[in-house]
Amino acid sequence: MTTKTAWITGATSGFGAATVERFVAGGWRVIASGRRIERLQQLVNRHGAGQVHAAAFDMRDEAAMRAAIDTLPEGFAGIDLLVNNAGLALGTATAQQASLAQWKQMIDTNVTALVTLTHLLLPRLIERRGAIANISSISGSYPYRGGNVYGGTKAFVTQFSQNLRVDLHGSGVRVTSIEPGMAETEFTLVRTGGDQTASDQLYAGAHPITAADIADTLWWIANLPPHLDVTRLEIMPVSQSAAGLQVHRDA
Ligand code: NDP
Ligand code: 8X3
C-alpha cells in the first residue's frame, strides 16, 4: 500500500501539532506548515525527514506558499489530505471598538490564505481522490458578543466547504467542515495578545475539547471508507451550549 501524505497547516501548535502526531503515528507522511520554524524543525528532528517535511511560511504570503509547493520533496508531492487548520481570532472587542487591522489579519489568514492553498492543491487532491478537512468553528453558526469578524470568517469556511463538495461532485474528493466549540490550545493566548490569566480563566473547570480530541476526529474522518463523507461535524464540550438571544430595553 502506498504511504499517504497529509498537508497540515498550523502544525506548530494546538490542533495542528496534535494532528501531526496522530497521523505520523498512523504511518502517514506529513507536510507540517506554520510560521514558527523552530517548532517545525523539532517535528522533523523527532520523526525524521522521511516522515515529516517542514514548510515554514506565513500563510498570507502567496509567493512563499507557491514556493513551498514547488519545492516539496518527491515523496511529499502527492497529497491525499489537506487539513486547513491554520487560523486565529484576534481580540474580543465589539465591532464598534475592534481593530480594523485585526479584522483584516483574520480575513487574510482564515479566509484568503485558506482558499489560496486549497486552490493551489486541488489538482493534486483530485489526482489522488483525496480529502479536504477545513477547521471552521461553532462561531460561524452561533453569534456571540465580540465574535464579529472571527465568526464571519468561520461561516465562510463552513459554506466554502459545502460549495467545494458540490463542485467536486464526481471527483471522489471528500470535503469536511469541522466546527469545534471551546478547545484549550494557544487560541486564547493569541486572541488576547498573550494573556495567560485570561486563557486559564476561560478554560478553568469547563473540561474543554483538547487538541488530541480534534486530532482523533480528523484521523477517524480520514480513514473512513472512501464512499463516505462527513460533510459537517459540530463538536462541543459537554459543558458548552448555545443560548444567545438578548433584548435591550429603553430605560
Ligand atoms: P493555536 O493558536 O494553538 O494554533 C493556531 C495555528 O495557526 C498555529 O500553528 C499557527 O502557527 C497557525 N497560524 C496562524 N496564523 C498563521 C499564519 N499567518 N501563517 C501560518 N500559520 C499561521 O490555535 P488552535 O489550534 O485552537 O486553532 C487551530 C484552528 O482551529 C484555527 O483555525 C481556529 O480558528 C480553529 N478553532 C479553534 C477553536 C478553539 O477553541 N481553540 C475552536 C474552533 C475552531 P504559527 O503561529 O507558527 O504561524
Ligand atoms: C473558537 C470557538 O467559541 O471561542 O472558534 O469562538 S469560540
Side-chain angles (χ1 to χ4, degrees), residues 7-22 30-43 54-62 64-65 68 83-92 102 104-114 116-117 133-158 160-161 177-194 196 198-199 202-203 206-215 217-218 233-237 239-244:
W7 185 321
I8 300 168
T9 70
T12 56
S13 168
F15 297 167
T19 303
V20 172
E21 298 302 332
R22 188 69 194 81
V30 171
I31 300 156
S33 63
R35 290 167 297 184
R36 284 170 286 183
I37 191 166
E38 66 289 347
R39 294 194 183 189
L40 298 177
Q41 196 52 51
Q42 284 167 9
L43 291 172
F57 63 94
D58 188 320
M59 287 284 288
R60 295 167 295 170
D61 181 344
E62 184 180 331
M65 184 187 286
V83 180
N84 273 319
N85 165 73
L88 76 177
L90 292 172
T92 53
Q102 290 188 331
K104 288 184 175 177
Q105 185 175 344
M106 288 187 276
I107 294 166
D108 291 346
T109 309
N110 301 358
V111 175
T112 308
L114 182 147
T116 305
L117 185 61
N134 291 328
I135 307 298
S136 178
S137 161
I138 59 163
S139 64
S141 300
Y142 309 106
Y144 62 82
R145 200 171 166 82
N148 40 66
V149 164
Y150 177 66
T153 65
K154 292 304 186 177
F156 174 90
V157 172
T158 295
F160 177 58
S161 306
S177 167
I178 299 175
E179 299 154 25
M182 177 193 277
E184 185 166 8
T185 61
E186 293 181 14
F187 178 84
T188 299
L189 267 183
V190 171
R191 184 170 211 168
T192 59
Q196 186 67 56
S199 180
L202 181 67
Y203 302 123
H207 305 291
I209 298 169
T210 67
D213 294 329
I214 299 301
T217 302
L218 283 160
L233 189 60
E234 181 181 284
I235 312 174
M236 293 194 208
S239 62
Q240 186 178 36
S241 59

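Order of appearance sets the numbers: ligands from 1, and atoms from 1 within every ligand.
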**Subset of ligand 1 atoms that lie under 4.0 Å from at least one heavy atom of Ser136** = 43 (C), 44 (C)

**Asked** Which ligand 1 atoms, with their elements, are less than 4.0 angstrom from a heavy-atom of Arg36?
**Response** 8 (C), 11 (O), 45 (P), 46 (O), 47 (O)

**Prompt:** Can you list the residues that meet the side chain to side chain contact (heavy atoms under 4.5 Å, CB included) rule with Phe57, with sequence neighbours excluded?
**Reply:** Trp7, Ser33, Ala55, Met59, Ala64, Met65, Ala68

**Asked** Relative to ligand 1, is Thr109 under 4.0 angstrom through side chain, backbone, both or neither, heavy atoms considered?
**Response** side chain

**Asked** Do the non-hydrogen side-chain atoms of Leu189 and Gln196 ever get within less than 4.5 Å of each other?
**Response** yes

**Fill in**
Numbered in order shown, the ligand 1 atoms found under 4.0 Å of a heavy atom of Glu186 are 2 (O), 3 (O)

**Message:** With a cutoff of 4.0 Å, is Pro208 in contact with ligand 1, counting heavy atoms of the residue only?
**Reply:** no

**Asked** What atoms of ligand 1 come closer than 4.0 angstrom to any heavy atom of Gly10?
**Response** 6 (C), 7 (O), 8 (C), 9 (O), 12 (C)

**Item:** Asn85 (side chain) donor-acceptor with Gly10 (main chain) under 3.5 angstrom
**Value:** yes

**Prompt:** Are any non-hydrogen side-chain atoms of Leu202 and Met182 less than 4.5 angstrom apart?
**Reply:** yes

**Item:** Test of proximity, Met182 against ligand 1: N or O pairs below 3.5 Å
**Value:** no

**Prompt:** In terms of atom number and element, which parts of ligand 1 are under 4.0 angstrom from non-hydrogen atoms of Thr185?
**Reply:** 3 (O), 23 (O), 24 (P), 25 (O), 26 (O), 41 (N)

**Item:** Which residues share a side chain to side chain contact (heavy atoms under 4.5 Å, CB included) with Gln42, sequence neighbours left out
**Value:** none

**Request:** Could you tell me whether the side chain of Thr153 and the main chain of Ile107 form a donor-acceptor pair under 3.5 Å?
**Result:** no

**Prompt:** Counting distance only, does the side-chain N/O of Asp108 pair as donor-acceptor with the main-chain N or O of Ala113 below 3.5 Å?
**Reply:** no

**Complete:** Across all chains, not counting sequence neighbours, the side chain to side chain contact (heavy atoms under 4.5 Å, CB included) partners of Thr158 are Ser136, Ser177, Glu179, Arg232

**For atom 20 (C) of ligand 1, the protein heavy atom that lies nearest, with its residue and separation** = Met59 CG, 3.2 Å

**Request:** Kindly give the heavy-atom pair with the smallest separation between Thr188 and Ser199, and that separation in Å.
**Result:** CG2-CA, 3.6 Å

Can you list every pair where an N/O of ligand 2 is under 3.5 Å from an N/O on the protein?
{"residue": "ligand 2", "atom": "5 (O)", "partner": "Ser137", "partner atom": "OG", "Å": "2.6"}
{"residue": "ligand 2", "atom": "5 (O)", "partner": "Tyr150", "partner atom": "OH", "Å": "2.6"}
{"residue": "ligand 2", "atom": "6 (O)", "partner": "Tyr144", "partner atom": "OH", "Å": "2.6"}

**Request:** Return the minimal non-hydrogen interatomic distance between Thr192 and Ala198, and the atom names on each side.
**Result:** CG2-CB, 4.1 Å

**Asked** Hey, which atoms in ligand 1 end up nearer than 4.0 Å to a heavy atom of Ala11?
**Response** 9 (O)

**Prompt:** Between Tyr150, Phe187, Phe57, which one has a non-hydrogen atom sitting closest to atom 34 (O) of ligand 1?
**Reply:** Tyr150

**Prompt:** Do Tyr150 side-chain atoms and Leu90 backbone N/O form a donor-acceptor pair below 3.5 Å?
**Reply:** no

**Request:** Provide, to 0.1 Å, the distance between atom 28 (C) of ligand 1 and the closest protein heavy atom, together with that atom's residue and name.
**Result:** Asn85 OD1, 3.1 Å

**Prompt:** Under 3.5 Å, N or O to N or O, is Ser137 touching ligand 1 that way?
**Reply:** no

**Request:** Check each heavy atom of Lys154 against ligand 1 and say whether those closer than 4.0 Å belong to the side chain, the backbone, both or neither.
**Result:** side chain

**Asked** So which heavy atom on Phe15 is nearest to which on Ile214, and how close?
**Response** CE2-CG1, 3.6 Å

**Asked** Taking everything shown except Arg145 itself, do over 12 heavy atoms lie less than 6.0 Å from its CZ?
**Response** no

**Fill in**
If we number the atoms of ligand 1 from 1 as shown, the ones under 4.0 Å from a heavy atom of Gly14 are 3 (O), 25 (O)

**Request:** Please say whether Ala183 places an N or O atom under 3.5 Å from an N or O atom belonging to ligand 1.
**Result:** yes

**Asked** About how many Å separate CG of Leu218 and OG1 of Thr19, when rounded to the nearest 0.5 Å?
**Response** 4.5 Å

**Asked** Is there any N or O on Glu184 that sits under 3.5 Å from an N or O of ligand 1?
**Response** no

**Message:** Show me which atoms of ligand 1 lie under 4.0 Å from any heavy atom of Ile135.
**Reply:** 29 (C), 30 (O), 35 (C)

